[in-house]
**Q** 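Can you read through this structure? Questions will come right after.
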Number of protein chains: 2
Amino acid sequence: MRIGELSRRSGVPVPTIKYYVREGVLPAGTLTSPNQARYDDGHERRLRLIRALLDVGGLSLSAIAEVLEAVDDPGQPVHKVLGVAAGRIIPEESGKPEESGETDEAEDVEAAEGAGPESADAREEVAALLARRGWYVDADNAAARSLAGVLAALHRVGHGAFVELLDVYADAAEPVARADLDYVRRRVAREDLVESVVVGTVLGEAMFGALRRLAHVDASARAYGDPEEAGRWAGA
Amino acid sequence: MRIGELSRRSGVPVPTIKYYVREGVLPAGTLTSPNQARYDDGHERRLRLIRALLDVGGLSLSAIAEVLEAVDDPGQPVHKVLGVAAGRIIPEESGKPEESGETDEAEDVEAAEGAGPESADAREEVAALLARRGWYVDADNAAARSLAGVLAALHRVGHGAFVELLDVYADAAEPVARADLDYVRRRVAREDLVESVVVGTVLGEAMFGALRRLAHVDASARAYGDPEEAGRWAGA
């Protein structure tokens with residue numbers, strides 16, 4: 001199909017499609033003349049995936065480019081691809097948002113903070129959690145470092161008591177993770193499998209986030225019995 | 001304390017502190033001479049909160065400014081503040097990331113998509129879920145719209161089957177939301193209460209996300225019994 005047809009079918013404007021090709025997140029079409037290219041169903045599918053990761057998953061275009069590049073490289077073993085995906089999705093403890101407008105000095109201080117007392121305590125809390133739950137996870141895993149970053153931040157903002165909810169959260173995470181894995185295991189083809197994991201990781205997280213906020217509104221309404229107060233956790 | 005002391009205690013460089021004051025996320029210090037200001041413990045606490053929301057919560061500085069402005073306005077009823085917080089945190093179905101470099105045309109198309117068949121189906125799925133679970137939530141709630149956005153995206157990328165996991169996720173969200181609410185109800189002062197909700201919403205989401213990914217690694221290791229394959233869900 002031509003680019004206009006691809007635009008109509010995907011709902012993505014032509015200039016945006018061209019922009020994605022330039023940025024390397026969407027493969028170029030096959031040239032049929034010097035200034036005309038053909039696109040296929042694979043382009044349409046990829047375009048929908050890009051929009052979902054951007055709009056619902058909240059990933060940046062550069063993160064999407066890196067994840068999709070790994071997905072498309074058949075030489076990459078599956079677990080390496082997912083390492084890239086997880087690395088792009090998981091906020092690293094030392095990671096800082098690009099738009100925070102900081103100087104290099106900030107990085108030095110943050111690196112030093114990463115070695116501060118809260119971080120050491122947080123890493124111990126994560127190691128204790130993994131042992132307590134009997135989870136087969138290396139304490140140096142990216143998600144473990146990410147969790148340690150969250151716990152350190154909670155301590156730093158004076159909400160260390162929130163860490164007491166860790167096991168309630170872990171109890172909830174276990175059946176969700178098992179269901180996610182069952183979903184992925186139904187996929188056989190490598191591309192399908194990898195895409196399922198990316199979709200499950202990113203959109204699954206957004207799905208749980210929305211459900212948790214809905215459950216807050218419900219729990220609040222039951223606790224206070226007042227529709228005004230029911231807005232306590234989410235803007236009703 | 002002077003700005004240098006505030007910097008040492010918070011681990012945030014002086015130029016960054018000045019930047020936050022200019023951007024309106026941190027109140028200015030009290031001037032003690034034409035070019036010297038005093039800061040107090042409130043500034044230090046606020047600075048740590050800003051860093052946590054930026055680094056761990058992944059919020060933009062403009063989102064943080066809006067949330068904190070509402071927190072600081074004593075004329076705002078609590079549920080209004082949380083409406084602002086939820087509105088900034090929840091990705092709206094029609095919301096698009098600022099850096100996606102799109103034209104105005106894109107917005108029109110997206111608005112049209114919002115009325116497409118997937119969106120109508122997704123809204124019905126959310127209404128059915130709320131009825132099935134008996135949750136006291138208005139179907140027009142921001143989190144309900146956000147969930148509908150996630151479901152519509154799943155259908156659009158050809159992963160409509162993932163929606164079957166909705167009740168597994170909802171089962172997990174209920175005890176988490178109850179624990180969150182119990183945590184918040186222990187706070188009495190308004191500022192404390194509102195801050196707890198912001199922290200719980202943003203950092204709690206990051207905490208669950210990290211735990212879910214850890215549980216993926218564990219579930220994968222148990223299912224495949226192969227440490228190589230255990231990297232299937234997260235970069236081990």
Side-chain angles (χ1 to χ4, degrees), chain A residues 11 13 15-16 48-49 52 56 58 79 83 86-87 91 97 102-103 105-106 109 113 135-137 141-143 146-147 150 153-154 156-157 159 165 168-170 172-174 176-179 181 199 203 205-219 221 231-232 234-236, chain B residues 11 13 15-16 48-49 52 54 56 58 79 83 86-87 91 102-103 105-106 109 113 135-137 141-143 146-147 150 153-154 156-157 159 165 168-170 172-174 176-179 181 199 203 205-219 221 231-232 234-236:
Chain A
T16 306
R48 290 179 188 279
L49 182 60
V56 182
H79 74 277
E102 278 167 15
T103 58
E105 198 190 339
V109 173
E113 265 197 330
W135 282 357
Y136 289 133
V137 183
N141 176 280
S146 176
L147 179 60
V150 175
L154 283 167
R156 263 182 227 124
V157 297
H159 282 272
L165 307 190
V168 174
Y169 274 61
E174 284 180 356
V176 164
R178 278 197 301 272
L181 194 71
V199 166
L203 299 193
E205 185 143 333
M207 187 161 101
F208 185 83
L211 283 166
R212 174 171 168 255
R213 288 185 295 264
L214 284 173
H216 284 153
V217 178
D218 173 66
R232 188 161 273 228
Chain B
T16 306
R48 291 179 187 279
L49 181 61
L54 262 179
V56 182
H79 75 277
E102 278 167 13
T103 58
E105 198 189 338
V109 174
E113 266 197 330
W135 282 356
Y136 288 133
V137 183
N141 175 281
S146 177
L147 179 60
V150 175
L154 284 167
R156 263 182 227 125
V157 297
H159 283 272
L165 307 190
V168 174
Y169 273 61
E174 283 180 356
V176 164
R178 278 196 301 271
L181 194 71
V199 166
L203 298 192
E205 185 143 333
M207 187 161 101
F208 185 83
L211 283 167
R212 173 171 168 255
R213 288 185 295 264
L214 284 173
H216 284 153
V217 178
D218 173 66
R232 188 161 274 227

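So that the names make sense, note that chain A is the first sequence line, chain B the second, and so on, each numbered from 1. This one's a predicted model, so the numbers in the text were calculated from it and none came from an experiment.
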**Q** What pair of heavy atoms forms the shortest contact from B:Leu181 to A:Ala219, and how long is it?
**A** CD2-O, 3.5 Å
**Q** How long is the straight-line distance from OH of B:Tyr169 back to CZ of A:Arg212, given to the nearest 0.5 Å?
**A**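 Reported to 0.5 Å precision, the distance equals 14.5 Å.
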**Q** With rounding to the nearest 0.5 Å, note down the distance linking CZ in B:Arg178 to CG in A:Leu165.
**A**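 One gets 13.0 Å once the value is rounded to the nearest 0.5 Å.
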**Q** Looking only at non-hydrogen atoms, find the nearest pair between A:Leu211 and B:Ala170 and report the distance.
**A**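 Minimum heavy-atom contact is CD1-N, 3.9 Å.
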**Q** Which pair of non-hydrogen atoms, one from B:Phe208 and one from A:Val176, has the smallest distance, and what is that distance?
**A** CZ-CG2, 4.4 Å
**Q** Could you give the distance from CZ (A:Arg213) to CG (B:Asn141), rounded to the nearest 0.5 Å?
**A** 9.5 Å
**Q** What is the minimum heavy-atom distance between B:Ala177 and A:Ala215, and which atoms define it?
**A**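 Looks like CB-CB, 3.4 Å.
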**Q** Determine the minimum heavy-atom distance between A:Val150 and B:Leu203, stating which atoms define it.
**A** CG1-O, 3.6 Å
**Q** Would you say that A:Trp135 contacts B:Val217 through its side chain, given a criterion of any heavy-atom pair below 4.5 Å between the two side chains?
**A** no
**Q** Quick one, A:Leu147 with B:Met207, criterion side chain to side chain contact (heavy atoms under 4.5 Å, CB included). Give me CA distance, side-chain angles, the key distance, then yes/no.
**A** CA-CA 6 Å; A:Leu147 179 60; B:Met207 187 161 101; 3.9 Å; yes
